[in-house]
Amino acid sequence: MKNRFAKTIDINSDLGESFGAWRMGDDAALLAIVSSANIACGFHGGDPDIMRGTVAMAVQHDVAIGAHVSLPDLQGFGRREMAVTPNEAYALTLYQIGALHGFAQAAGTRLRHVKPHGALYNMAARDAALAAAIARAVHDFDPTLRLFGLANSALVDAGVALGLAVASEAFADRRYRSDGSLQPRREPDAVIQESDEAIAQAMAMAREGQVRAVDGSVIALQVDTLCVHGDGAHAVAFARQLRAALEAADIGIAAPHATEHRA
């Protein structure tokens with residue numbers, strides 16, 4: 001695998017998902033650990049004040065900023081599938097990138113990547129037309145942006161086809177099906193609860209480019225970035241543990257360079 005015994009890997013987290021008086025996660029603590037931040041753009045979480053504040057904290061910690069674009073489902077936190085056309089997916093992606101771009105520019109920085117959220121992410125992983133629409137929106141906004149997508153998925157393929165830089169993503173705390181897709185959250189045991197097990201899975205991904213699926217099969221996958229979820233009760237402690245394990249294995253933590261992995 002391309003990243004076998006990787007020397008450097010990105011750690012990303014989905015942040016800025018609070019809304020109004022409602023708070024989710026400890027973004028400030030996570031931004032001291034991760035190298036890339038996927039910031040909600042108001043469709044599944046986040047609001048203008050939260051977006052502005054999260055961008056400011058990311059700048060303070062020198063963390064790469066990305067737009068975390070979603071289906072328009074604030075009540076369902078973007079985790080419910082919707083019947084959107086490719087044209088609609090293009091428009092909602094472009095709209096959300098533009099919103100976060102405004103806050104990044106005002107803070108004296110720029111966006112580095114785009115990552116779909118929740119149901120949109122999983123739909124684009126398997127639907128080539130939807131993936132192509134999202135990739136086209138990213139390309140049309142700024143062809144130097146990197147597209148984050150599930151490793152071995154239609155979204156990564158769509159980005160490569162358009163000449164975008166891509167980051168193949170893997171999840172330390174999610175179980176995989178034999179086809180490389182994530183086991184849906186609605187199914188029992190889809191999320192790995194034990195930190196040691198999740199760390200072991202992440203290390204196998206980073207060092208060996210593989211993950212064991214729920215049926216026992218081994219899936220080969222390129223891993224450029226590892227996602228740590230920011231909404232769990234032990235999210236910060238787990239992120240620290242993951243970073244420490246990677247660094248102990250002489251794997252550096254850094255956001256993908258702007259010119260890496262371009263097709």
Side-chain angles (χ1 to χ4, degrees), residues 1-15 17 24-27 29-38 63-64 66 68 79 113 115-118 121-122 125 148-153 155-156 167-185 187-256:
M1 293 298 294
K2 183 179 176 183
N3 71 316
R4 196 173 186 88
F5 303 111
K7 294 298 182 183
T8 305
I9 200 164
D10 179 44
I11 300 178
N12 77 79
S13 189
D14 305 338
L15 303 174
E17 293 178 322
M24 170 175 279
D26 188 346
D27 290 357
L30 281 165
L31 282 164
I33 302 167
V34 303
S35 44
S36 291
N38 320 307
V63 170
H68 200 29
R79 287 180 175 162
H113 65 276
K115 174 186 167 181
H117 164 79
Y121 181 94
N122 291 320
F148 280 29
L150 184 67
N152 301 338
S153 74
L155 186 57
V156 169
S168 292
E169 183 178 38
F171 293 80
D173 64 349
R174 293 293 302 277
R175 300 201 188 276
Y176 283 74
R177 288 176 164 174
S178 58
D179 63 357
S181 64
L182 299 177
Q183 185 177 355
R185 284 179 176 268
E187 296 180 3
D189 204 32
V191 177
I192 299 172
Q193 302 295 339
E194 294 296 327
S195 293
D196 289 346
E197 183 181 358
I199 294 294
Q201 175 165 291
M203 295 305 296
M205 291 169 169
R207 299 186 66 179
E208 301 167 29
Q210 64 182 31
V211 64
R212 188 170 297 278
V214 291
D215 68 350
S217 61
V218 175
I219 305 165
L221 71 173
Q222 168 68 27
V223 182
D224 302 309
T225 184
L226 284 167
C227 180
V228 293
H229 290 107
D231 56 347
H234 307 291
V236 174
F238 175 73
R240 288 196 184 106
Q241 186 180 353
L242 174 61
R243 179 165 185 137
L246 291 166
E247 291 176 337
D250 293 324
I251 299 174
I253 310 301

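If you read the sequence from its start, that first residue is 1, and numbering goes on from there.
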Who are the salt bridge (Lys or Arg N to Asp or Glu O under 4.0 Å) partners of [X], not counting sequence neighbours?
{"X": "Glu17", "answer": "none"}
{"X": "Arg175", "answer": "Asp189, Glu197"}
{"X": "Arg212", "answer": "none"}

Heavy atoms, side chains only, cut-off 4.5 Å: are [X] and [Y] in contact?
{"X": "Val228", "Y": "Arg243", "answer": "no"}
{"X": "Tyr176", "Y": "Val214", "answer": "no"}
{"X": "Gln193", "Y": "Asp173", "answer": "no"}
{"X": "Ile219", "Y": "Arg177", "answer": "no"}
{"X": "Ile251", "Y": "Thr8", "answer": "no"}

Can you give the donor-acceptor pairs under 3.5 Å from side chains of residues 29-36 to other protein atoms, not counting sequence neighbours?
{"from": "Ser35", "atom 1": "OG", "to": "Asp10", "atom 2": "OD1", "distance (Å)": "2.5"}
{"from": "Ser35", "atom 1": "OG", "to": "Ile11", "atom 2": "N", "distance (Å)": "3.0"}
{"from": "Ser35", "atom 1": "OG", "to": "Ile11", "atom 2": "O", "distance (Å)": "3.2"}
{"from": "Ser36", "atom 1": "OG", "to": "Asp10", "atom 2": "OD1", "distance (Å)": "2.9"}
{"from": "Ser36", "atom 1": "OG", "to": "Asp10", "atom 2": "OD2", "distance (Å)": "3.1"}

Measure across [X] and [Y] and return the closest heavy-atom pair with its distance rounded to 0.1 Å.
{"X": "Gln222", "Y": "Asp224", "result": "NE2-OD1, 2.7 Å"}
{"X": "Ala198", "Y": "Ile192", "result": "N-CG2, 3.8 Å"}
{"X": "Ala206", "Y": "Leu246", "result": "CB-CD2, 3.9 Å"}
{"X": "Ser181", "Y": "Asp179", "result": "OG-OD1, 2.6 Å"}
{"X": "Ala170", "Y": "Met205", "result": "CB-SD, 3.5 Å"}
{"X": "Ala167", "Y": "Thr225", "result": "CB-CG2, 4.0 Å"}

Has the side chain of [X] got a donor or acceptor atom that lies under 3.5 Å from a matching backbone atom of [Y]?
{"X": "Asn152", "Y": "Ala220", "value": "yes"}
{"X": "Gln183", "Y": "Pro188", "value": "yes"}
{"X": "Gln241", "Y": "Asp196", "value": "no"}

- Got a sec, which residues hit side chain to side chain donor-acceptor pair (under 3.5 Å) with Ser217, two or more places apart in sequence or on another chain?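 Once residues adjacent in sequence are excluded, the partners of Ser217 under the side chain to side chain donor-acceptor pair (under 3.5 Å) criterion are Asp215.
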- Item | Counterpart residues, side chain to side chain donor-acceptor pair (under 3.5 Å), relative to Tyr121 (two or more places apart) | Glu169
- Can His229 and Phe238 be said to form a ring-ring contact (aromatic ring centres under 6.0 Å, His included), step by step? CA-CA 9 Å; His229 290 107; Phe238 175 73; 9.5 Å; no
- Task: Run the numbers on Lys115 and Cys227 for side chain to side chain contact (heavy atoms under 4.5 Å, CB included), then give the verdict.
- Result: CA-CA 11 Å; Lys115 174 186 167 181; Cys227 180; 3.4 Å; yes
- Message: Let me confirm one number: the CG-OG distance from Leu242 to Ser195, rounded to the nearest 0.5 Å.
- Response: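 The OG atom of Ser195 is 10.0 Å from CG of Leu242, to the nearest 0.5 Å.
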- Item | From Glu187 atom CD to Leu182 atom CG, the distance as rounded to the nearest 0.5 Å |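 Interatomic distance, Glu187 CD to Leu182 CG, rounded to 0.5 Å: 11.0 Å.
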- Please state whether the rings of His68 and His117 are parallel, tilted or perpendicular, taking 30° and 60° as the class boundaries.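 His68 and His117: perpendicular rings.
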